[in-house]
Amino acid sequence: MEDISKLLKEAKPLYFARKRRNNRIKATLAMLICAAGIGMFYPEADKVQYSYGSYFDYIETVYSDNGSVIEDMGLPTDEYGLLMVG
């Protein structure tokens, strides 16, 4: 009987230390999950959405306004700025 009480006295601080460590881990994980959940709903005003279609439309407009790219390369073109064949 004396051995059991001696073992309990020895194990008691270890048990409570492990219990505190597990509670800290649980609290940290819960805090991270809450922060990620709140961050998911946080509005991002400066978030840039790329629309490559409008980008390429702009490039085509710039090229058509400035003349023909083919003509700029020095190739023969017709009155529409298209490559002259034949």
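The chain is numbered in sequence order, starting from 1. Heavy-atom basis, side chains included; hydrogens, waters and symmetry copies ignored. All values reported here derive from a predicted model rather than from experimental measurement.
Remark: M40 pairs with no residue by the side chain to side chain contact (heavy atoms under 4.5 Å, CB included) rule, at least two apart or across chains. For R21, the side chain to side chain contact (heavy atoms under 4.5 Å, CB included) partners are R18, I25, not counting sequence neighbours.
From I38, atom CD1 reaches atom CD1 of I33 across 12.5 Å, with rounding to the nearest 0.5 Å. Summarising the geometry, atom CZ belonging to R24 is positioned 14.0 Å from atom NZ belonging to K19; distances are rounded to the nearest 0.5 Å. To the nearest 0.5 Å, atoms CG (L8) and CG (D3) are separated by 11.0 Å.
Cluster partners of Y15, by chain and number: F16. The rule joins Ile, Leu, Val, Met, Phe, Trp and Tyr whenever side-chain heavy atoms lie under 4.5 Å apart.
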